[in-house]
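Residue numbering restarts at 1 for every chain, and letters A, B, ... go by the order of the sequence lines. Computed over heavy atoms, backbone and side chain alike; hydrogens, waters and symmetry mates excluded. The shown structure was predicted, so the numbers you read here are calculated from the model rather than taken from an experiment.
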Number of protein chains: 2
Amino acid sequence: MNSKSIRQKEIAEKTGFSINTVSLALKGSPRISEETRSIIMECAKQLNYIPNVVARSLVQKKTNTIGIILTELMNPILTETAQEIEQILKKSGYNMMLMITNSSPEQEAEALDVLVSRQVDGILMYPVFTANFAKIKLLRDNKFPIILLAGGDYELPTDAVYVNRREGAYKAATHFIQAGHKRIGFLGGGNYSDKEKQNGYFAALQDNHIPFDPSLVGRVQSDGYDAGYASIEELYKNAMPTAVICTRDYIALGAMRWCRERGIRIPEELSFIGFDDTAAASFAEIPLTSVKYDVKAVTEKATELLFQRIDEKDKSVAMSIQKISIQPRLVIRQS
Amino acid sequence: MNSKSIRQKEIAEKTGFSINTVSLALKGSPRISEETRSIIMECAKQLNYIPNVVARSLVQKKTNTIGIILTELMNPILTETAQEIEQILKKSGYNMMLMITNSSPEQEAEALDVLVSRQVDGILMYPVFTANFAKIKLLRDNKFPIILLAGGDYELPTDAVYVNRREGAYKAATHFIQAGHKRIGFLGGGNYSDKEKQNGYFAALQDNHIPFDPSLVGRVQSDGYDAGYASIEELYKNAMPTAVICTRDYIALGAMRWCRERGIRIPEELSFIGFDDTAAASFAEIPLTSVKYDVKAVTEKATELLFQRIDEKDKSVAMSIQKISIQPRLVIRQS
DNA sequence: TTGTATGCGTTATCAG
DNA sequence: CTGATAACGCATACAA
């Protein structure tokens, strides 16, 4: 891409060897004599030769690129996911093409198409919902390496590594129950992961023989601080809970602010548990108990699995589909 | 990449046309009759043809890929930067290869090399420091499109779009001075951007004829919440400031917590201003006044400039080097 | 309107 | 140990 781009051809002409010899020498093939190798290397350095990875990818049918599809980046969990994946990939000689879907199925479909046409060696994706499962299944059927970072419960025969949100909510509810709470609220949105959490909450109530009161389940319009602030009032006034599970830390923090402004004491009058164990949870005025999403565990397992799938493409044997579930952990603080 | 990868060749054989005709028809060339075009399109759809962008890139000498180099992703400013850039690039038909340097000059150099060898059409980078300026200059001299997202003050003839941190600190200090503060502290780290802020702080003191007391400048070891918490004590006890400018919101929030735990009232006894206007600043117990880093302005200007540089490569004319400075704005809250 | 020939920069195959 | 030749999949100039 320089003004005069140096190719192997130039250094072949300069040194008098064939292009082939140059190619072999540059990648340190043992078939080339030490002497000519050093001549070629020297010349390459002098001309500031930079290999053209695009050409190499074309002939090797391998781009050393992994596509990452995320719904957004501002969610701290996904930020960390992206960062961790980048670190791991780099160590293994891969680079990362990052696509953000804004939780739009159309953008997700587009991202999949783009990545496939760019010949990425594999894809890690945090799916929007189930909208593109047909497309994903098609890829999977063609042995394309693709791992989902969520949705182990999905009815889709695809590899997935995910945090068991249902279990997280179950643990949160159980924690409240053991502390003597009887009226435990739930505040979340309508998306799939929140539904999973809600199921865990229900299960804990049921296992502990606590009757379910529908008014204890509040709905939130978005998943930010403001939404928590805006939604807690209705839940609080209608159901009078003594504890509330919120599907995101920020929702809990917003709700806690609403309480603070009205003199409702936390945790004496009302307790909270959030999800994801974000930094904000730990340094809130009243540090928030939270269900920790173990990003490192997810990214490590997911990349490991992805690399296995990539290796498999050459061989004929293939592992069966893997659904790897990571257990969440409750980080107990003062809320 | 499918089990049997469909190429233009296959659809040429199937339809009886030449590969060339197929190629032209698929990209909707007007030179192909409507009839054969629809035949070819139909066949392509049926075979689920996916173009090989790698091959296309090789011949066109254009990858439609932009490299993004960031020091990290967990810093909210950089998270937003990455997300915004992705959105803008997508609209213009580009995709993004993301590299994280962990503030290591070695990793930064490596990232530059990788991106160049991958033939990206341009690079946007948030530089670690000045370590790789020779390399960057070399690229720039070869007309490689590269825009720095920081460091307008750097002595480097390269395009840059950045937020004027010096000006931000100047505004913060002036705000305090106008509120009657005489003993204004400064809490920051030793990196380049914090130095710039410190210079703005000095300038404001000087312009308002406030004598400078070295004990008012505190040093922080990292740039997180804990660092602020740990570092405010020394500054407070040694210099007894009535207001403190912190180089990051999190530093301020940590310091504010330390004060709260000791009954120091904010803002009556001690005021704070942070930098970046992060979400955490707005919903802190005492909402934090902060110098807003206008990510959207930076990313929009930077991509615009980058696209111009990319266009220029074809033409012989070239703009002179651009240093675009974005003015920060003080978001005043209750701290 | 369509087909032929050539090239993008590299690696792979097979001789020598 | 080294060199000639053919791929990789697509796009382009030039013919027909």
_Check the phosphate of D:dG3 against A:Thr21, side-chain N and O only, distance under 4.0 Å to OP1 or OP2. Yes or no?_
yes
*Just call it for A:Lys27: base, sugar-phosphate, or nothing, with non-hydrogen atoms closer than 4.0 Å on any strand.*
sugar-phosphate
*Using a heavy-atom cut-off of under 4.0 Å over every strand shown, decide if B:Thr36 touches base, sugar-phosphate, or nothing.*
sugar-phosphate
*Spacing between B:Arg7 atom CZ and D:dA11 atom C1', to the nearest angstrom*: 16 Å
*Measure from CG on B:Leu58 to P on C:dT10 and round the result to the nearest Å.*
9 Å
*When you check the phosphate oxygens OP1 and OP2 of C:dT10, does a side-chain N or O of A:Ser57 lie under 4.0 Å from one of them?*
no
*Between B:Arg56 and A:Ser117: side-chain donor-acceptor atoms closer than 3.5 Å*: no
_The side chain of A:Lys61 is closest to which nucleotide in this list: C:dT10, C:dG9, D:dG9?_
D:dG9
*asked:* Regarding A:Lys90 and B:Gln107, do their side chains bring together a donor and an acceptor under 3.5 Å, going by distance alone?
replied: yes
*For the side chain of A:Arg31, counting heavy atoms from C-beta on, which of D:dT2, C:dT1, D:dG9 is nearest?*
D:dT2
*Given C:dC8, D:dA11, C:dT4, which nucleotide is nearest the side-chain atoms of B:Ser18?*
C:dT4
*Between atom CD in A:Gln119 and atom P in D:dG9, what is the gap in whole Å?*
9 Å
*Can you find a side-chain donor-acceptor pair between B:Arg7 and B:Asn52 that sits under 3.5 Å?*
no
*What is the distance, rounded to the nearest whole Å, between atom CZ of B:Arg118 and atom C1' of C:dG9?*
16 Å
*When you match A:Arg56 and B:Pro30 each to their closest nucleotide on DNA chain C, which lands nearer the 5' end?*
B:Pro30
*Length of the CD-P vector between A:Gln60 and C:dC8, whole Å*: 20 Å
*Is it true that a side-chain atom of A:Thr81 and a backbone atom of A:Thr79 form a donor plus acceptor pair closer than 3.5 Å?*
no
*Provide, to the nearest angstrom, the distance between the CD1 atom belonging to B:Ile32 and the C1' atom belonging to D:dA11.*
13 Å
_Distance, rounded to the nearest Å, where A:Ile19 contributes CD1 and D:dA6 contributes P_ = 14 Å
*Will you find, in the side chains of B:Gln87 and A:Asn102, an N or O donor that is under 3.5 Å from an N or O acceptor?*
yes
*Out of C:dT10, D:dG9, C:dC8, which nucleotide sits closest to the side chain of A:Gln8?*
C:dT10
*asked:* Can you identify which nucleotide, out of C:dT1, C:dG9, D:dT12, has its nearest atom closest to the B:Ser23 side chain?
replied: D:dT12
*Could you say whether B:Asn20 or B:Asn52 is positioned toward the 5' end of DNA chain D, judged by the nucleotide with the nearest heavy atom to each?*
B:Asn52
*Roughly how many Å is it from OH in B:Tyr49 to P in D:dG9, rounded to a whole number?*
10 Å
*Measure from the side chain of A:Val59, starting at C-beta and using heavy atoms only, and say which of D:dA7, D:dT12, D:dA11 lies closest.*
D:dA7
